[in-house]
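All values derive from a computational prediction rather than experimental measurement. Note that these values count all heavy atoms, side chains included, but never hydrogens, waters or copies made by symmetry. Positions are given from 1, in the same order as the sequence printed here.
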Amino acid sequence: MSLVKLQNVTKVYRTDGIAFPALDGISLSVEAGEFLSIAGPSGSGKTTALNLMGCLDKPTGGAIFLDDVDIGVRNSSELADIRRHKIGFIFQTFNLVPILTAFENVELPLILKGDMGKAQRRALVEEILVDVGLKELMNRRPSRMSGGQQQRVAAARALVKKPRLILADEPTANLDSKTGEEVLELMLQLNRKSGVTFIFSTHDKMVMDFARRLVLLKDGRIDADEQRDPRRQARDSGAARSGGPHADAS
């Protein structure tokens with residue numbers, strides 16, 4: 001059974017009575033545990049596809065299934081519940097709460113989820129902060145962290161509630177190439193360790209190189225869908241750069 005399935009999905013936006021098609025009948029099936037990148041130029045529909053899979057928008061036509069549930073026909077309350085329990089998000093601008101520490105930012109989704117006590121939340125938050133290499137920085141606020149460290153906090157926040165799916169929209173856009181590579185290495189390691197499915201929206205070649213599967217969109221349609229070898233791609237990508245990953249991604 002596929003974790004995510006899009007069947008002939010269309011999305012049309014309207015402004016002042018003028019229709020702007022963003023997706024034009026795409027069909028896509030994503031299995032649990034995939035590390036997949038949806039790529040394409042601006043206006044290709046990749047962010048729209050991510051928003052639909054993330055229950056942030058509804059399709060104009062077609063059907064979208066998450067865990068065999070048709071999310072396109074769910075109401076706003078049901079969609080919020082699905083996001084809260086099954087989906088984690090990583091944004092290009094990090095979207096951390098500036099007045100909260102790294103620990104508090106990562107704990108926030110668990111508080112909102114509301115199904116565990118303080119001691120259990122603390123154990124989970126500390127565990128994931130160790131996994132992303134930020135144990136020593138858990139009491140630091142975002143303003144005192146580098147871009148790479150903030151993106152690691154964002155990754156930890158997405159992972160801490162143990163979602164089925166993580167959606168990452170241009171996660172390297174605000175990072176230099178070396179830091180971006182380190183963050184992608186981290187996400188690939190977390191994918192292998194936890195089995196959580198990652199789907200990226202990007203036009204960054206480095207993100208495409210890390211993906212185990214690459215779906216290319218053009219004018220709202222799937223132009224190509226190919227399996228890739230991330231070890232070879234990442235190695236070839238890394239060969240063009242000097243230095244290796246650093247734990248603090250500073």
Report task. Answer yes when Asp209 and Arg228 have at least one side-chain N-carboxylate O distance shorter than 4.0 Å, and no when they do not. Result -> yes
Query raised in the report: Distance only, no hydrogens: is a donor on one side chain within 3.5 Å (strictly under) of an acceptor on the other, for Glu31 and Ser2?
Result: yes
Query raised in the report: How many angstroms lie between atom CG of Leu216 and atom CG of Asp225, to the nearest 0.5 angstrom?
Result: 8.5 Å
**Report entry** Heavy-atom closest pair, residues Phe91 and Gln151
**Finding:** O-NE2, 3.3 Å
**Report entry** Side chain proximity check, Leu110 to Val125, heavy atoms < 4.5 angstrom
**Finding:** yes
Requested in this report: Write down the atom of Gly25, the atom of Asn8, and the distance for their closest heavy-atom approach.
Outcome: CA-OD1, 3.3 Å
Query raised in the report: Which heavy atom in Gln92 sits nearest to a heavy atom in Asn174, and how many Å separate them?
Result: O-ND2, 2.8 Å
Report task. Please check if atom CZ in Arg213 has more than 12 non-hydrogen atoms from other residues, nucleotides or ligands closer than 6.0 Å. Result -> yes
Report summary line: Tightest non-hydrogen contact, residues Arg121 and Ile111, listed as NE-CG1, 3.6 Å
Requested in this report: Please report the shortest heavy-atom distance between Glu170 and His203, naming the atom on each side.
Outcome: OE2-ND1, 2.9 Å
Query raised in the report: Under a 4.5 Å cut-off applied to non-hydrogen side-chain atoms, are Arg157 and Leu108 in contact?
Result: no
Query raised in the report: Side chains of Thr93 and Asn95: is there a donor and an acceptor less than 3.5 Å apart?
Result: yes
Query - Ion pair Arg74/Asp70, N-O distance below 4.0 Å - result: no
Report task. Check whether Leu100 and Leu112 end up in the same hydrophobic cluster, where Ile, Leu, Val, Met, Phe, Trp and Tyr are linked by side-chain heavy atoms less than 4.5 Å apart. Result -> yes
Requested in this report: Answer yes if the side chains of Asp176 and Thr179 hold a donor-acceptor pair under 3.5 Å, and no otherwise.
Outcome: yes
**Report entry** Over all atoms of both residues, closest heavy-atom pair of Ala32 and Arg164
**Finding:** CB-NH1, 4.5 Å
Query raised in the report: Between the side chains of Asp204 and Thr172, does any donor sit under 3.5 Å from an acceptor?
Result: yes
**Report entry** Rounded distance (nearest 0.5 Å) linking atom NZ of Lys118 with atom CD of Glu107
**Finding:** 7.5 Å
Report task. Flag yes if more than 12 heavy atoms outside Lys135 fall under 6.0 Å of its NZ atom; otherwise flag no. Result -> no
Requested in this report: Answer with yes or no after comparing the ring centroid distance for Phe20 and Tyr13 against a 6.0 Å cut-off, counting only values under it.
Outcome: no
Query raised in the report: For the residue pair Phe35 and Phe198, does the interplanar ring angle fall in the parallel (under 30°), tilted (30 to 60°) or perpendicular (over 60°) class?
Result: tilted
